[in-house]
Number of protein chains: 2
Amino acid sequence: MDDKTLTAPPSLGFRKPCGACASCDVRTMAVCAALADDEVAELEKIMTSRNLVPDEMLVSEGDPLRRVYSLTAGVLRLSIALPDGRRQITGFLLPGDYFGLADDDVHSATAEAIGAVQLCSFTTRDMQALMERFPKLKDRLHAFTRMALRQARDNQVMLGRLTPVEKLASFLLTLSMRAAEHKLSANPLSLPMSRTDIADYLGLTIETVSRSFTKLRNTGLIQLPEPHIVELVDNRGLQAVAGMDFH
Amino acid sequence: MDDKTLTAPPSLGFRKPCGACASCDVRTMAVCAALADDEVAELEKIMTSRNLVPDEMLVSEGDPLRRVYSLTAGVLRLSIALPDGRRQITGFLLPGDYFGLADDDVHSATAEAIGAVQLCSFTTRDMQALMERFPKLKDRLHAFTRMALRQARDNQVMLGRLTPVEKLASFLLTLSMRAAEHKLSANPLSLPMSRTDIADYLGLTIETVSRSFTKLRNTGLIQLPEPHIVELVDNRGLQAVAGMDFH
DNA sequence: TCCGCGCATTGATTGAAATCAATGCACCGA
DNA sequence: TCGGTGCATTGATTTCAATCAATGCGCGGA
């Protein structure tokens, strides 16, 4: 029966090198959504497909920026490190997200795969040229950048002014919302990243993250059937905790 | 065109309503730097000048976005508030900075004047149209947005992973650098914003901000001739404290 | 001149998150 | 089967920033 699909060599590599865009999972939400079906062929011409294994580094802080990417499967983590090893994760990218919005010549952040990842890869040159040819494409990328800026600013509020439980509640809600937008399961929510990643995203230690999970569980707002799966039991309650309730 | 004679000198104002761009203080660094001298006339046609008195609110969170602004004098603070009154300042805008990069229809942040402020104001419609006419203008705004995104991400690192003294050192250095870029004094650095503003920017309380100032003063890294004027005595030392030294 | 007010600083105390330390548990290879 | 390893959780202790409280100081108005 379907056992075959479950056991078959998973995820890594069902993307076809050509003609794949039309049937792509993220066709409607990624950059390429700016282009009509016939125009996407032009995008496909300059596209190369790339897979990452868990924890593989895509780019490192300081690397010259040569390529930009559209994420088609898996989750990417963006982080910035301090000289002494402290780390801040500035965001998680989901399928349909674009990587390469912020920088010009040099990468200001490190990008690593969380679990297996699939990407469409473009040289900055090619993408630049295509953007000139299809202004819609440029506009969409600009819109993405603006969205990323709003997210980054919301994150500043989270980091600067929320308490640990509030941070976690806010994180879970935001991730759930984004999962929905990206056609992933919003409610039994999957958390592919480790507690360390969550801590480095929220500006906390793993212990405090763990304790905050427990608090949310004990107050009945979430359930944790497994460490990497959360059920948002009381969405409203979570919003109240996250300081995001505007009655 | 004899523009000089037409200019009415209002309270704050050395800006002229017409023909002023050519001699504007921020002509070389603001958005308008994308345009040649003759093209700037087109920008000036759709521009209105506006002054703000200290603490005047330019826009409030949730307001519909109808106009965008280019700051010509003074400092603007951008903030986001939580329902219970907690506040996070996401950035300070200096002369030459642009306001209206992040949002589409609705303002996601409040913008208020710190001290007296002068702005060039444009309707989003007009600016949109001009951007279509002068792609260079659009490109420059996009570049601004990308820069703002990088700043916001650096801020996330600051908020999530630096200690109070590190935060303050980082703030002073960044502000000093930006002041220099904006043709303001970089070393006897002026801090027009209140301690409360600094606290809400760094994610601290005013007391902790004050104590951090004292620590930096006691370690000889800065001097504080007045509460709103800082001398960066040991720039390297400050960088080391700010966790920004890459040997 | 003096009072009151806003703002920054300093001191004392408290409390919450970091740190230190231990346990549990799943997974893996010997 | 049995250690060993990595990760999450929980508990005990410490530390440092928040809170509470007071003082100083410049400024404007009565």
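By convention in this document, chain letters (A, B, ...) are assigned in the order of the sequence lines, proteins followed by strands, and residues within each chain are numbered from 1.
Here Thr163(A) does not reach the OP1 or OP2 of dA16(C): none of its side-chain N or O atoms lies under 4.0 Å away. Contact check, His228(B) against dA8(C): a side-chain N or O comes under 4.0 Å of OP1 or OP2.
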In a table with atom names and distances, give each donor-acceptor pair under 3.5 Å that connects a side chain of residues 216-227 of chain B to protein atoms at least two apart or in another chain.
| from | atom 1 | to | atom 2 | distance (Å) |
| --- | --- | --- | --- | --- |
| Asn218(B) | ND2 | Thr214(B) | O | 3.4 |
| Thr219(B) | OG1 | Lys215(B) | O | 2.9 |
| Thr219(B) | OG1 | Leu216(B) | O | 3.1 |

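Residues Val230(B) and Leu175(B) have side chains not in contact (no heavy-atom distance under 4.5 Å, counting atoms from C-beta outward).
Atom-to-atom, CG of Leu202(A) to C1' of dA17(C) comes out at 14 Å; the value is rounded to the nearest Å. We find that NZ of Lys215(A) is positioned 12 Å from P of dT10(D), with the value rounded to whole Å. Rounding to whole angstrom units, CD1 of residue Ile114(A) and C1' of dC7(D) are separated by 15 Å. Atoms CG (Leu224(A)) and P (dT9(D)) sit 7 Å apart, rounded to a whole Å. The CZ-C1' distance, from Phe213(A) to dC7(D), rounds to 13 Å in whole Å. One interatomic measurement links the two molecules: CG of Leu216(A) to P of dT10(D), which rounds to 13 Å at whole-angstrom precision. The separation between Arg195(A) atom CZ and dA17(C) atom C1' is 18 Å, rounded to whole Å. One can place CG of Leu168(A) at 13 Å from P of dA17(C), the figure rounded to the nearest angstrom.
Judged as a salt bridge (Lys or Arg N to Asp or Glu O under 4.0 Å), and not counting sequence neighbours, the contacts of Arg161(A) are Asp200(B). Taking Ser176(B) as the reference, Ala186(B), Leu189(B), Leu232(B) meet the side-chain contact (heavy atoms from CB on, under 4.5 Å) condition, with sequence neighbours excluded.
Sorted by first and then second residue, the salt bridge (charged side-chain N to carboxylate O under 4.0 Å, His left out) pairs with a member in residues 49-59 of chain B read Arg50(B)-Glu56(B), Asp55(B)-Arg77(B); sequence neighbours excluded. Note on residues 149-159 of chain A: pairs passing salt bridge (charged side-chain N to carboxylate O under 4.0 Å, His left out), not counting sequence neighbours, are Arg150(A)-Asp104(B). Legend: salt bridge (charged side-chain N to carboxylate O under 4.0 Å, His left out) pairs involving residues 174-184 of chain B, not counting sequence neighbours, sorted by first then second residue: Asp97(B)-Arg178(B). For the ring-ring contact (aromatic ring centres under 6.0 Å, His included) condition, the pairs that include at least one residue of residues 57-95 of chain A, sequence neighbours left out, are Phe92(A)-Tyr201(A).
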Write out a two-atom table: protein N or O, nucleotide N or O from nucleotides 23-25 of chain C, distance below 3.5 Å.
none

Any chance you could list the contact pattern along nucleotides 18-27 of chain D? Use B for base contacts, S for sugar-phosphate-only contacts and - for none, protein heavy atoms under 4.0 Å, 5' to 3'. SBB-------
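If you check the side chains of Ser121(B) and Arg67(B), you find a donor sitting under 3.5 Å from an acceptor.
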